[in-house]
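Notes follow once the structure below has been shown.
Chain A is the first sequence line, chain B the second, and so forth, proteins listed ahead of strands; every chain is numbered from 1.
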Amino acid sequence: MKRVTGIGMVVIAGALVLTAGCMGTKVQYGDATSAEPLSTDFGSSDLQQIAATMVDSLLADPGVRAASTARKPVLLVDKVKNKTLQHIDTESLTDSIRTKLIQSGKFSFIDRTTDQSALDEFNAQKESGLVDPAKAVPMGTQSGAEYILTANLAQIEQQVGSKTDVYYKFTMNLKNLRTGILDWANEKEIRKVATRSWLGR
Amino acid sequence: MKRVTGIGMVVIAGALVLTAGCMGTKVQYGDATSAEPLSTDFGSSDLQQIAATMVDSLLADPGVRAASTARKPVLLVDKVKNKTLQHIDTESLTDSIRTKLIQSGKFSFIDRTTDQSALDEFNAQKESGLVDPAKAVPMGTQSGAEYILTANLAQIEQQVGSKTDVYYKFTMNLKNLRTGILDWANEKEIRKVATRSWLGR
Amino acid sequence: MHRRIKGMALGAGVAACLAGVSGCIQKTSGTEVVGVMTTAPDGTSELSRAVIVNNTKLARHIQVVDVRHEYAGDLLKASLTLTSKYEGTLQFQYKFAWFNDAGLEVNPDTDAWTPVVLHGNETRTVQGVAPGPEVKAFKVNIRN
Amino acid sequence: MHRRIKGMALGAGVAACLAGVSGCIQKTSGTEVVGVMTTAPDGTSELSRAVIVNNTKLARHIQVVDVRHEYAGDLLKASLTLTSKYEGTLQFQYKFAWFNDAGLEVNPDTDAWTPVVLHGNETRTVQGVAPGPEVKAFKVNIRN
């Protein structure tokens, strides 16, 4: 009886060694553009889908195109109104949209979130005494926005039994500051369904 | 009975010796540019990938190229807005980008973070009495920045069961101080996936 | 007796799970659709297309019945008509890629996989707009 | 009896683990792609390319189907088209190196290995931009 216990302990010790040696975390680079959702939370693929839809629609819109043939209109991206219950980095979403629109070469963008850095540099050029006034960049020559891109992100979540159904809707508008008219609008809907099951997958 | 326990102890001692013999720390130099991630935290390879993408895009951009043919534009790198939950040395990231851009010979950079050292040296040249005034560097002849490179680093982390999925997005903009327009923008997305398992691989 | 069968079933389930984790090969191949704008000597341009099937199982379910294009201003707009040959609901994803005159990809790694749900025998179109006027060819990957 | 078999199985597992940790040789070789810009006497320049396979197993999975280039201003831009011959998802990494007229590497040790994920039978391009106008040749290493 006692002998068996001794062997049993050795076996347990061996099992522990095995576990410690074999357990591990494998880390890999994945496809950054992958569309395999892990949860119903707002994820990277949702961000990419929304950005792609908005950019494609804005680039292909005849009205917007007419305004951007003579010269590039100057746009400003407003904060997205996040009406979901999640903490979503909506700036990252509008960053993606803005980047793609700038890369298309059809729009000019200004960015008010980095105005403080610009002002700091203007001050350094004028007041530090280091910069040659002749080489300094003149202040007060920047462009102002003619259009504002505004957006809303809404969410409807329903949970019944083992099924969670989350619906996201992103609405974007292009507001003409001169006329106040919304010159363009589009929305992208996404549905994610999670089904809890007892067999792993 | 006693004999059996003795054998058991010998076995355990043997196991300990084996463990002690195999355990140990081997230190080696590795490949500094290696892309084998150890964890989903922001690592050296992520930094290198982001820097390479940004530099390649900036060097190849037709608009930026047009501005840099006549003479080198003067750039300033702004602080990166770190919106991840990690402590990331974003200055190290922008240092890499700036270094590669300076090496390309297409851009000039100023650095406001080391202005104090420059001011100290100017003061020493004027007031220490050690420096020949004829050999001193005149103050107030430096260049000011015409462009600011601003950047955001965002992160979306999702964890389900034994899988952790981390998505990073780095967005960079080139802001023209004279016009206020973002003359160039690009982003780099990185996904890292960690899978915890009981069987090692 | 019952208990043992349950145990065996559990064991088999665990084994299947482990195999899933450690990974037997999971097919991630699909169909590739290529469209190239070619300009004839008389100035007219037309789209030449090709469909490359790498996954016959997927191709039996999803068929690319049409590839069309138009110009939105100077931007190429591509449209694929997909038909499901399957009675149930199909889930798959597609991704666009855009190429310039020299055959180099424009803005690589920026287009993302987009999920699509096709109900039984449904026909749907998916569209993409070129990221710039220099685009002369596109490629769409479809996989499930 | 049963217990002994279990113990032996455990022992074998431990041995396998130790072997895995201490590492039998892991192949890190791969494919090398070389591109050299040559200028003909009449002033036209063209890219001559070579693919060197050092790892036949990797080369069976990943094929370099095209090497293209264009000039972004005075900077050489190189693009490789890679096709997966494998049905599952492949993970590999690549690294560019750039050489000047004299065959010396420009800014050595600054280009980093970049990871790429290729889904089944997918075709993708990877691009690199030369770090300076003096670059006349490039090399791309691919390994998994």
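- A donor-acceptor contact closer than 3.5 angstrom links the side chains of B/Arg191 and A/Ser44.
- For the set B/Val160, B/Thr164, B/Val74, the entry with the most heavy-atom pairs within less than 4.5 Å of chain A is B/Val160.
- For the pair B/Thr195/A/Thr25, no side-chain contact is recorded, criterion being any heavy-atom separation below 4.5 Å from C-beta on.
- For B/Ser162, no part lies near chain A; criterion is any non-hydrogen pair under 4.5 Å.
- Of the two parts of B/Ser143, the backbone and the side chain both hold a non-hydrogen atom closer than 4.5 Å to a non-hydrogen atom of chain A.
- Closest heavy-atom contact between B/Thr40 and A/Val27: N-CG1, 4.2 Å.
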> Going through the checks in order, is the side chain to side chain contact (heavy atoms under 4.5 Å, CB included) test met by B/Asp115 and A/Leu130?
Replying inline: CA-CA 9 Å; B/Asp115 268 1; A/Leu130 289 167; 3.7 Å; yes
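- A/Gln103 touches chain B through its side chain: at least one heavy atom from C-beta onward sits under 4.5 Å away, while N, CA, C and O do not.
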> Can A/Tyr29 and B/Asp46 be said to form a side chain to side chain contact (heavy atoms under 4.5 Å, CB included), step by step?
Replying inline: CA-CA 10 Å; A/Tyr29 280 103; B/Asp46 308 324; 2.5 Å; yes
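- Within the 4.5 Å cutoff, the side chain of A/Leu47 has heavy atoms near those of the B/Ile156 side chain.
- Atoms CD and CG, on A/Glu121 and B/Asp78 in that order, are 10.0 Å from each other to the nearest 0.5 Å.
- Of the possible polar contacts, one joining the A/Gln125 side chain to the B/Ala145 backbone as a donor-acceptor pair under 3.5 Å is found.
- Atom OG of A/Ser128 and atom CG of B/Leu119 lie 7.0 Å apart (nearest 0.5 Å).
- In terms of non-hydrogen atom pairs under 4.5 Å with chain A, the most contact-rich of B/Gly180, B/Ala194, B/Pro62 is B/Gly180.
- At a 4.5 Å heavy-atom cutoff, the contact between B/Ile148 and chain A is made by side-chain atoms alone.
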> Would B/Glu157 and A/Asp41 satisfy side chain to side chain contact (heavy atoms under 4.5 Å, CB included), going step by step from the backbone distance to the final call?
Replying inline: CA-CA 10 Å; B/Glu157 183 167 341; A/Asp41 288 350; over 6 Å; no
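- Here the OG1 atom belonging to A/Thr99 is positioned 6.0 Å from the CG atom belonging to B/Asn173, to the nearest 0.5 angstrom.
- The CD atom of A/Gln142 lies 6.5 Å from the CG atom of B/Leu177; values are rounded to the nearest 0.5 Å.
- Between the side chains of B/Glu187 and A/Ser96, at least one donor N or O sits under 3.5 Å from an acceptor N or O.
- Note: B/Pro37 leads B/Pro37, B/Ala118, B/Gly144 in heavy-atom pairs under 4.5 Å with chain A.
- Considering only heavy-atom pairs separated by less than 4.5 Å from chain A, the leading option among B/Lys169, B/Lys163, B/Lys188 is B/Lys169.
- Interface residue A/Phe42: only backbone heavy atoms are found under 4.5 Å from chain B.
- Neither the backbone nor the side chain of B/Tyr168 has a heavy atom closer than 4.5 Å to any heavy atom of chain A.
- In this structure, A/Asp95 CG and B/Met172 CE are separated by 12.5 Å, a value rounded to the nearest 0.5 Å.
- For A/Leu38, the parts lying near chain B are the backbone and the side chain together; criterion is any non-hydrogen pair under 4.5 Å.
- Among the candidates B/Glu146, B/Lys175, B/Met139, the residue making the largest number of heavy-atom pairs closer than 4.5 Å to chain A is B/Lys175.
- For residues 79-93 of chain A, heavy-atom neighbours of chain B at less than 4.5 Å comprise A/Asp89, A/Glu91, A/Ser92, sorted by residue number.
- Once rounded to the nearest 0.5 Å, the distance linking CZ of A/Phe107 with CG of B/Leu182 reads 14.0 Å.
- Side chain of A/Thr141 to backbone of B/Arg178: a donor-acceptor contact under 3.5 angstrom is found.
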